[in-house]
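To keep things clear, I will list the structure first and then write my remarks on it.
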Amino acid sequence: MKNQELKTRDLDVLWHPCTQMKDHESLPLIPIRKANGVYLEDFEGNRYIDAISSWWVNMFGHTNKYINDKVKEQLDTLEHVILAGFTHEQVVRLSERLVKLTPNGLAKCFYSDNGSSAVEVALKMSYHAHLNDGKKNKSIFVSLTNSYHGETIGALSVGDVELYKDTYEPLLLQTIQTPVPEDMSLNAAMNAAKEFEELCKEKATEISAIILEPLIQGAGYMHMYHESFLVLVREICNKYDVHLIADEVMVGFGRTGELFACSKAGITPDFIVLSKGLTGGYLPLSVVLTTNDIYAKFYCDYNEHKAFLHSHSYTGNALACAAANATLDIFENENIIEKNRKIAAYMGEKLQKFEGLENVGSIRQTGMVCAVELKGYKSEDRIGLKVYQYGLEHGVLLRPLGHIVYFMPPYVITNAEIDTMMDIAYEAIKALI
Ligand SMILES: Cc1ncc(COP(=O)(O)O)c(C=O)c1O
C-alpha cells in the first residue's frame with residue numbers, strides 16, 4: 001500500500017535524474033523503505049541486491065554499523081562550519097590521511113561536494129596555475145574519446161559521451177578529444193599515447209591539461225584500458241608542460257584492485273579528483289588533491305588575481321568528513337584491498353560463463369568491476385531497460401549502460417550474493433535471445 005502511495009505522491013512532485021519521466025507511465029518506481037548490507041528493501045518487503053552500489057558510491061554496505069555510529073557521534077558535536085577562515089578536526093584528519101594514501105607528491109586537499117564540481121575545481125586550478133606562471137595561452141583542455149566527467153558545463157565539455165553531451169554542445173567549452181586506447185592491450189595503449197604526443201607536439205603551448213578516467217571509463221560503457229597508457233601520458237605531460245588530471249571519482253577507493261588506479265600504474269598526476277566512495281556512499285563530498293608545486297603558484301602576498309577564489313557552501317562538511325574518516329578506518333582495519341582481490345577473482349570466474357551466450361560480444365574485468373558487452377542490438381531495442389526490469393523482478397538492481405551489463409557491488413558482498421547477482425543477470429541476458 002505504502003509502495004503505491006509513495007509512487008503516486010512522488011510522480012506528482014519529483015523530476016528524477018537521468019530519466020525520461022514518461023517511462024514511468026509503464027515502468028514502476030521503486031520506493032525504498034530501508035537498506036542493509038548489499039540489500040535495498042521496499043515497503044512490501046521485496047529485497048534487491050544493489051549490484052551497482054547505488055550509482056557507484058557505496059563501499060561497505062548500506063547502513064553500515066561502524067559508519068553509522070561515527071556519523072551519529074559527529075552529529076552531536078559539529079554538523080557543519082564554513083571552511084573559509086575556519087577548520088575542524090574531521091577535515092584536518094581526513095586531509096592528512098588522503099595525503100598519505102594517494103600517490104606520492106599529492107600534498108594539498110581542496111574540498112567540494114560532488115564529482116562534477118571537483119572536476120570544475122581541477123580544470124580551473126590547472127588553467128589558473130599556468131596563468132600565475134605567466135602562461136596566458138593555455139586555455140585548451142584535452143580529454144579522451146568516450147570519456148565522462150560529470151554534468152556541469154565544464155565537466156560536460158571535457159566529456160565525450162554523445163548521449164549526455166550533444167544537446168548542450170552550443171553551451172560548452174571548446175575541448176579536444178584524443179583517442180582512448182581501443183582495448184586492454186599494451187599495443188592499444190602505445191598507439192593512443194602516440195596520438196596524444198602528436199597533439200602535444202602541435203598544440204602544447206595552448207593546452208592546460210589532459211583529464212582522464214584512469215583504467216576504466218565508467219559512463220563510457222565500462223571501457224577499460226592498460227595501465228601503461230597512464231605511464232606514457234605522464235611522460236608526455238612532463239615533456240610538454242601539460243598537467244595531468246586523474247578523475248578517480250569512479251575508480252578511486254579500491255574499485256580497480258588498488259586503493260587508487262594511479263597507484264596501480266605507479267604515477268602521480270598533478271591533480272587527483274575523488275568523490276563517490278570517499279564517504280562510503282553516505283554523504284556528498286569531493287576533493288581535489290594537488291602538489292606543493294601547484295599550490296606554490298597561488299601562494300603570495302594578497303593579489304586577487306592569484307588566489308584561488310573558488311568555493312562551495314558545503315565544502316568540507318563535517319558530517320561527510322566523519323563518514324569519510326570512518327570509511328578509511330574500515331579500509332585500514334580490515335585489509336579491504338586484499339579481501340577485494342578474492343572477491344574480484346570469484347566474480348571473474350563467474351564472468352566466464354557469459355561468454356557462452358550467443359548475444360554476448362565480449363566480457364571484461366578490472367578489479368571489482370566486471371562488464372558484459374551484448375551484441376546485435378540497436379539502441380531503440382532498449383535491451384538495457386529489459387535487463388533492468390528482469391533484474392528487479394528477480395531481486396537484483398542491475399542498471400545496464402546501453403548494451404553493457406555490468407557489476408560493481410559493495411565490497412561486503414558474499415559469494416552467495418555474487419551467485420545470485422550474476423545468475424540473474426545471466427538469465428536476463430539469455431531471456432533476450
Ligand atoms: C569519472 C566520473 N567523474 C565525474 C563524475 C561526476 O560525479 P557527480 O555525479 O558526483 O557529479 C562521475 C559520475 O558518475 C564519474 O563517473
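We count ligands from 1, going down the list as the structure has it; atoms in each ligand are counted the same way. The chain is numbered in sequence order, starting from 1.
- Counting only N and O atoms by type, the side chains of Thr145 and Asp160 include no donor and acceptor under 3.5 Å apart.
- Applying the ring-ring contact (aromatic ring centres under 6.0 Å, His included) rule to pairs touching residues 208-227 yields Tyr225-Phe229, sequence neighbours excluded.
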In residues 313-321, what donor-acceptor pairs under 3.5 Å come from side-chain atoms, sequence neighbours left out?
| residue | atom | partner | partner atom | Å |
| --- | --- | --- | --- | --- |
| Thr315 | OG1 | His312 | N | 3.2 |
| Thr315 | OG1 | His312 | O | 2.7 |
| Asn317 | OD1 | Leu319 | N | 3.1 |
| Asn317 | OD1 | Ala320 | N | 2.9 |
| Asn317 | ND2 | Glu79 | O | 3.2 |
| Asn317 | ND2 | His80 | ND1 | 3.1 |

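- Taking the centre of each ring, Phe354 and Tyr426 come in below the 6.0 Å mark.
- Within 4.0 Å of ligand 1, contacts by protein heavy atoms are made from Trp56, Asn114, Gly115, Ser116, Tyr148, His149, Gly150, Glu213, Asp247, Val249, Met250, Lys276.
- Sorted by first and then second residue, the ring-ring contact (aromatic ring centres under 6.0 Å, His included) pairs with a member in residues 315-351 read Phe60-Phe331; sequence neighbours excluded.
- Ring centroid separation for the pair His243 and His130 comes in under the 6.0 Å cut-off.
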